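Step one of this worksheet: look at the structure below.
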Amino acid sequence: VPEAPPSVDVAHQAAEALARATGTVAHDVAVVLGSGWRPAADLLGEPAVEVPMVELPGFVPPAVAGHGGTIRSVPVDEQQVLILLGRTHLYEGHGVGGVAHGIRTAAAAGCRTVVLTNAAGGIREGMAVGDPVLISDHLNLTGVSSLVGPRFTDLTDLYSPRLRALARQIDPSLSEGVYAGLRGPQFETPAEIRMLRGMGADLVGMSTVLEAIAARAEGVEVFGLSLVTNLAAGMTGAPLDHEEVLAAGRAAATRMGGLLRELISRACAR
Ligand code: 6GU
């Protein structure tokens, strides 16, 4: 039986419960961690408390191994950071409300910036497993929208040029790319990857785009960072494997954690 999608009201209840559980009423930045990103989270600092998402109103249990399902509250320099270890994907069947709930909760908890990380397939020639890529823009190919409230929201510069410039100042070797967000849960066929490349996609995955739209609707600044965990179908001849995705995350964790920490501590002036 499909559950009723969590509403913006429920996000406020979740933020209140989170404030009680963490003892912190106001948070500044939220970081959503994708598959395999958990090791990078530990480099942001030891959490005083870690709250299971299922204890908060509106959150649903995660479906996939490697998607943790807890929320940490960690100070990083002057910023109080909410780390969401785990996210709800559209393919889990809880609707766009389920996908957007973590973002709406973070906004209700005071966050004005959200960092969306993910594990992505590399589509552009020259990309390699383990490459971090700044998301410069997206193709929402899920067929649905996470907007509530006013329609026709502008998505120009959805992925903050200010934060992208800051990230490239920290690590000048970072490249940028367009992320295609699909519903999944199957990986794409080689023909679909050729189509996506022709449409201007550099990266492909099953998350991020609906969260970014929900964040924009809340007036929250968005930063997106993909970790290329595998090359997309048809590029290497090898079949795709979820374990490969997790292993690439573990291997890149130190670099990613350092970048996130530096970005968060320098992102405050706005
Ligand atoms: Cl190749 N496709 C999709 N849809 N998601 C992914 C991926 C590929 N690699 C990691 N996540």
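For the numbers below, each heavy atom of this structure counts, side chains included, while hydrogens, waters and symmetry mates do not. Owing to the predicted nature of the structure, the values given are computational and were not obtained by experimental measurement. Each ligand, and each atom within it, is numbered from 1 in the order the structure gives.
By the 4.0 Å N-to-carboxylate-O rule, R112 lies too far from E221 to be salt-bridged with it. Contact check on R72 versus D42 returns a salt bridge, with a Lys/Arg side-chain nitrogen under 4.0 Å from an Asp/Glu carboxylate oxygen. Taking a cutoff of 4.0 Å between a charged side-chain nitrogen and a carboxylate oxygen, R197 and D202 do not qualify as a salt bridge.
An N or O contact shorter than 3.5 Å is missing between L231 and ligand 1 by distance. When only interatomic distances are considered, the shortest N/O to N/O separation between N230 and ligand 1 falls below 3.5 Å. In terms of N/O distances under 3.5 Å, ligand 1 is not approached by T229.
The shortest distance between side-chain heavy atoms of Y159 and V222 falls below 4.5 Å.
At a 4.0 Å cut-off, at least one heavy atom of A120 sits close enough to ligand 1 to count as contact.
Counting only heavy atoms of the protein, atom 5 (N) of ligand 1 lies nearest to G205 CA, 3.3 Å. Of all protein heavy atoms, the one closest to atom 4 (N) of ligand 1 is E188 OE2, 2.5 Å. Among all non-hydrogen protein atoms, the one lying nearest atom 11 (N) of ligand 1 is A119 O, 3.4 Å. Protein heavy atom closest to atom 8 (C) of ligand 1, with residue, atom name and distance, is F187 CD2, 3.4 Å.
Inspection of the S73 and Q80 side chains reveals an N or O donor paired with an N or O acceptor under 3.5 Å. Side chain to side chain, T88 and H101 fail the donor-acceptor criterion of an N or O pair below 3.5 Å.
With a heavy-atom cut-off of 4.0 Å, L182 does not touch ligand 1 at all. Under 4.0 Å from ligand 1, not a single heavy atom of A233 appears.
Nearest heavy atoms, V81 versus V76: CG2-CG2, 3.7 Å.
Residue contact check: M206 has heavy atoms under 4.0 Å from atoms 3 (C), 4 (N), 5 (N) of ligand 1.
The number of heavy-atom neighbours closer than 6.0 Å to CD of E243, taken from other residues, nucleotides and ligands shown, is above 12.
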